Amino acid sequence: TPVLVKKDVRGFIVNGILVAVFNEAFWAVERKEATRDEIDAAMKYQAGFPMGMFELADFVGLDIVDSVGKEMEQAFGDRAKACPIYQPLVKAGKLGQKTGEGFYNWTAGRPRIPFELADKFDPNRLYTMAANEAAWLVHDDVATPADIDTAMKFGTGWPSGPCELADKMGIDTVVNNLNELHTKHPEPMYEPCPLLLEYVKNGWLGKKTGRGFHKYK
């Protein structure tokens, strides 16, 4: 199923959004605001993702995550500021599934993500970052909301695309979430994309108003 990427940008659609989500998961643990298991349990059992974020990072390979993170930070600056949480693992050669150990120990097979921790982390925090990055792709005329959602659903197995998720949450809620994160952590990554601010100004708040990234009857 093809999607159109209108411009040659670092990360294209899927990697650009995944890096934003990875980074937020990593920073939440680095800042001791959540644990690895809490985030992965929430994303698997609440959000319905095929893998938790740390589990996925191990599956991809932490050397690859490191390389892509550096490329994205080089391209977008502090908006894609890479978290150093995996650096000690990379230096130790613990690169994930392929080496038997990364964030998890894979020597006995796929790690068990504890179901009982599923309600300890709010997936909306990661959805918010995905929505903001998706907004930048639309704002910069890289891809349409429909193609972004298709790429994330078919390319990564997400149950819903980031634009659909944002419309369901409410664009105003996404902006409020970003502002709260930015107040707590004054970093460029939490600054709302101007497109989101424009949507709120126009009253395009998502499903509840009939228009957001998508139009609804």
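This one's a predicted model, so the numbers in the text were calculated from it and none came from an experiment.
- Judged by distance alone, with hydrogens and angles left aside, the side-chain atoms of Ser160 form no donor-acceptor pair with the main-chain N or O of Leu165 at under 3.5 Å.
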Stepwise side chain to side chain contact (heavy atoms under 4.5 Å, CB included) test for Thr144 and Lys6: CA-CA 9 Å; Thr144 65; Lys6 304 179 200 176; 4.0 Å; yes

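- Within a 6.0 Å radius of NZ in Lys120, other residues, nucleotides and ligands contribute 12 heavy atoms or fewer.
- When all heavy atoms are compared, the tightest approach of Met72 to Ala80 is O-CB, 3.7 Å.
- Once rounded to the nearest 0.5 Å, the distance linking CG of Leu117 with CG of Asp37 reads 6.0 Å.
- Cluster membership for Trp136 and Leu196, using ILVMFWY side-chain heavy atoms within less than 4.5 angstrom, is not shared.
- Side-chain contact between Pro194 and His139 is present, with at least one heavy-atom pair separated by less than 4.5 Å.
- Side chain of Asn132 to main chain of Cys193: a donor-acceptor pair is present (N/O by atom type, distance under 3.5 Å, no hydrogens or angles).
- Annotation: side chain of Phe213 is in contact with side chain of Ile171 (closest heavy-atom distance under 4.5 Å).
- Considering only heavy atoms from C-beta on, Val21 stays 4.5 Å or farther from Glu133 through its side chain.
- Although no hydrogens or angles enter the test, the distance criterion places a donor-acceptor pair under 3.5 Å between the side chain of Lys7 and the main chain of Asp140.
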Test log, rule side chain to side chain contact (heavy atoms under 4.5 Å, CB included), inputs Leu95 and Val90: CA-CA 6 Å; Leu95 306 180; Val90 172; 4.3 Å; yes

Pair Met189-Trp27, side chain to side chain contact (heavy atoms under 4.5 Å, CB included): steps then yes or no: CA-CA 11 Å; Met189 68 183 81; Trp27 279 115; 3.8 Å; yes

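- Checking each of Asn177, Asn179, Asp172, Thr173 against Val175 for a side chain to side chain contact (heavy atoms under 4.5 Å, CB included) leaves exactly one that passes, namely Asn179.
- No continuous path of ILVMFWY side-chain contacts below 4.5 Å connects Val14 to Leu4, so the two sit in separate hydrophobic clusters.
- Tyr216 and Val200 fall into different hydrophobic clusters, defined by Ile, Leu, Val, Met, Phe, Trp and Tyr side-chain heavy atoms under 4.5 Å apart, directly or through other members.
- Ring pair Phe26/Tyr86 is perpendicular by interplanar angle, where above 60° counts as perpendicular and below 30° as parallel.
- Residue-environment remark: NZ (Lys153) exceeds the threshold of 12 foreign heavy atoms within 6.0 Å.
- Between the CD1 atom of Ile13 and the OG1 atom of Thr156 there is a distance of 11.5 Å, given to the nearest 0.5 Å.
- In terms of modelled atom types and a separation under 3.5 Å, the side chain of Thr128 and the main chain of Asn124 share a donor-acceptor contact.
- When every heavy atom of Ala47 is checked against every heavy atom of Pro159, the shortest pair comes out as O-CG, 3.4 Å.
- In this structure, NZ on Lys215 lies 12.5 Å from CG on Asp167, to the nearest 0.5 angstrom.
- Put simply, the residue from Phe121, Phe103, Phe59 that forms a ring-ring contact (aromatic ring centres under 6.0 Å, His included) with Phe54 is Phe103.
- Closest non-hydrogen pair, Ile17 versus Trp158, comes out as CG2-CH2, 4.0 Å.
- In the model, Gln46 has no side-chain atom that pairs as donor or acceptor with a side-chain atom of Asp119 under 3.5 Å.
- Every pair passing side chain to side chain donor-acceptor pair (under 3.5 Å) that includes a residue from residues 99-113 is listed here, sequence neighbours excluded: Asp40-Tyr104, Glu55-Arg110, Asp58-Trp106, Asn105-Thr107, Arg112-Glu116.
- Here the closest heavy-atom approach between residue Asn23 and residue Ala82 is recorded as OD1-CA, 3.8 Å.
- Under the 4.5 Å side-chain heavy-atom criterion for ILVMFWY residues, no single connected hydrophobic cluster contains both Val3 and Phe154.
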Residue pair Ile39, Leu126: steps toward the side chain to side chain contact (heavy atoms under 4.5 Å, CB included) verdict: CA-CA 9 Å; Ile39 292 174; Leu126 301 192; 4.3 Å; yes

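- Between Lys44 and Pro50, the shortest heavy-atom distance links the atoms NZ-O, 4.0 Å.
- Of all heavy-atom pairs spanning Pro192 and Leu178, the tightest one is CA-CD1, 3.8 Å.
- Counted within 6.0 Å of NZ on Lys207, heavy atoms from surrounding residues, nucleotides or ligands total 12 or fewer; the atom is thus considered open.
- Under the side chain to side chain donor-acceptor pair (under 3.5 Å) criterion, the residue pairs touching residues 188-202 are Glu24-Tyr190, Arg31-Tyr190, with sequence neighbours excluded.
- Taken to the nearest 0.5 Å, the CZ atom of Arg10 stands 5.0 Å off from the CD atom of Glu71.
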